[in-house]
Amino acid sequence: MADIKFGLSEFAAYMAAGAGSRRTQLTAKKFPKDEDKIPGKYYAPVVKLIREYHEGGHQPEWLESKAQVHDGKAAALLTNAPDADAAKAKYKADQHQNFARVLRSYRSHFAKKRFQVRTQIDIPYTIDNVRVSIRPDLHVVQGQTEKIIKFWCKDDQAKNRPKPLEIRVITQVMLDSANAHGHMMSGSQVLLFDVQTGQVHKGAKLGAQLGKDIVAECQAMEAVWQTLKQR
């Protein structure tokens, strides 16, 4: 069992960071404090709705109707929360507003795509003691072609935009792991949808240099892990 565990986006951010920042991130992972325990499934409910949209063959208006539901929940939270719970209510309201934003952005950019939705797959990427959890947001057939898709759901603030290296790492790791698990895909079958902007990023090639660099970093991580001390 791997000792060093990452989510896919978290691992991409780690790979895109400098050496000092990587060490800080690993230290926080080895000795987590409460502020380090940030939920990794923030957008899971809205991703589930997008999957339901494709599974049900709904019309684009369906996405707007679900966005309006989240608008209503956000408004209710901000209106009805007691003063003592104001901060918690604001967090939840912001989340519902983000869900509404994602649904509207998805409608604008991707609603016309028609997929046959397959069962979700778990394809963890494991190198030595490093394990990256990978469960694509959509596993589909489009035309005659099987595809796996990851969503980038964050807004268009500069701090929330994916770095070019993060995009490359996400698609490369998904491609390498899909093939390691027997799915036998090419880069064009592995996609990252930037929901906010409508950009579609494709995977690289098997055996690409980036894939080799990722393996090397995972292998080197164990040595660094052993030297980390509690903050």
* Asked: How are the rings of Tyr91 and Tyr42 set relative to one another: parallel (under 30°), tilted (30 to 60°) or perpendicular (over 60°)?
  -> perpendicular
* How are the rings of Phe193 and Tyr106 set relative to one another: parallel (under 30°), tilted (30 to 60°) or perpendicular (over 60°)? -> tilted
* Structure fact -> Rounding to 0.5 Å, atoms CD (Glu166) and CG (Leu8) come to a distance of 10.5 Å
* Could you pull out the closest heavy-atom pair between Val190 and Thr171, with the gap in Å? => CG1-O, 3.7 Å
* Can you list the steps and then say if Arg161 with Thr197 is a side chain to side chain donor-acceptor pair (under 3.5 Å)? -> CA-CA 10 Å; Arg161 292 290 80 219; Thr197 66; 4.5 Å; no
* Counting only N and O atoms by type, is there a donor-acceptor contact under 3.5 Å from the side chain of Gln172 to the main-chain atoms of Lys205? -> yes
* **Joint cluster assignment, Trp225 & Tyr125, ILVMFWY side-chain distance < 4.5 Å** => yes
* Asked: Got a second to check how far Phe99's CZ is from His96's NE2, nearest 0.5 Å?
  -> 7.0 Å
* To do: Kindly indicate whether the side chain of Asp194, heavy atoms from C-beta on, has any atom under 4.5 Å from the side chain of Ile167.
  => no
* Asked: What are the two closest heavy atoms between Leu191 and Met174, and how far apart are they?
  -> O-CE, 4.3 Å
* Within a strict 4.5 Å, meaning less than it, do heavy atoms of the Trp62 and Leu49 side chains meet? -> yes
* Look at the side chain of Arg22 and the backbone N and O of Ala17, then say whether any donor-acceptor pair between them is shorter than 3.5 Å. => yes
* Asked: Between Gln25 and Ser21, do the side chains contain an N or O donor and an N or O acceptor separated by less than 3.5 Å?
  -> yes
* **Chi angles and distances behind the side chain to side chain contact (heavy atoms under 4.5 Å, CB included) call for Leu192, Val200** => CA-CA 6 Å; Leu192 176 66; Val200 177; over 6 Å; no
* side chain to side chain contact (heavy atoms under 4.5 Å, CB included) between Leu138 and Arg51, worked out -> CA-CA 7 Å; Leu138 282 177; Arg51 195 159 48 244; 3.7 Å; yes
* To do: Just do the side chain to side chain contact (heavy atoms under 4.5 Å, CB included) check on Val46 and His70 with the steps written out, would you?
  => CA-CA 10 Å; Val46 77; His70 285 291; 5.6 Å; no
* To do: Keeping the roles fixed (side chain from Asp137, backbone from Phe151), state whether a donor-acceptor pair exists under 3.5 Å.
  => yes
* **Gln196 vs Arg101 side-chain heavy atoms within contact, under 4.5 Å** => yes
* Is the backbone N or O of Val224 less than 3.5 Å from a side-chain atom of Thr227, with the two atoms forming a donor-acceptor pair by type? -> yes
* Hey, quick one: are Ile127 and Phe6 part of the same hydrophobic cluster, counting side-chain heavy atoms closer than 4.5 Å, chains of contacts allowed? -> yes
* Ser105 side chain near Phe110 side chain, heavy-atom distance below 4.5 Å -> no
* **Gln95 and Lys92: side chain donor to acceptor below 3.5 Å** => yes
* Atom pair CG (Asp176) and NZ (Lys212), whose distance is rounded to the nearest 0.5 Å -> 11.0 Å
* Is there a side-chain contact between Val102 and Asp155 (heavy atoms, below 4.5 Å)? -> no
* Sidechain-backbone polar pair: Asp122 side chain, Arg135 backbone, donor-acceptor under 3.5 Å -> no
* **Closest non-hydrogen atom pair between Ile170 and Ser9, with its separation** => CD1-OG, 4.4 Å
* Considering non-hydrogen atoms only, spot the tightest contact between Phe31 and Lys229 and give its length. => CE1-C, 3.4 Å
* Tyr14 versus Lys29: any side-chain heavy-atom pair under 4.5 Å? -> no
* How long is the gap from CG on Asn129 to CD on Gln226, to the nearest 0.5 Å? -> 8.5 Å
* Asked: With distance as the sole test, does Tyr53 use its side chain to make a donor-acceptor pair with the main-chain N or O of Ala111 at under 3.5 Å?
  -> yes
* Rounded distance [0.5 Å steps], CD1 in Ile148 versus CD1 in Ile123 -> 4.0 Å
* To do: Please confirm whether the backbone N or O of His139 pairs with a side-chain atom of Gln120, one donor and one acceptor, at under 3.5 Å?
  => no
* **Val141-Phe115 co-clustered via ILVMFWY side chain contacts under 4.5 Å** => no
* Expected output: side-chain Ser177 to main-chain Pro124 donor-acceptor under 3.5 Å -> yes
* Apply the test side chain to side chain contact (heavy atoms under 4.5 Å, CB included) to residues Gln97 and Leu78: give CA-CA distance (whole Å), side-chain angles for both, the deciding distance (0.1 Å), then the verdict. => CA-CA 11 Å; Gln97 289 169 348; Leu78 294 174; 4.1 Å; yes
* Asked: Which heavy-atom pair separates Asp71 from Arg104 by the least distance, and what is that distance?
  -> OD2-NH2, 2.6 Å
* If we only count heavy atoms from C-beta on, is the Val173 to Ile214 side-chain gap below 4.5 Å? -> yes
* Is it true that Asp3 and Lys30 make a salt bridge, defined as a side-chain N closer than 4.0 Å to a carboxylate O? -> no
* To do: Would you please name every residue forming a side chain to side chain contact (heavy atoms under 4.5 Å, CB included) with Thr145, sequence neighbours left out?
  => Lys147, Gln189
* Side chains of Asn98 and Tyr43: does their closest heavy-atom pair fall under 4.5 Å? -> yes
* Asked: If every non-hydrogen atom of Ala74 is compared with every non-hydrogen atom of Ala93, which pair is closest and at what distance?
  -> CB-O, 3.6 Å
* **Inter-residue atom distance Ser65.OG - Gln59.CD, 0.5 Å rounding** => 11.5 Å
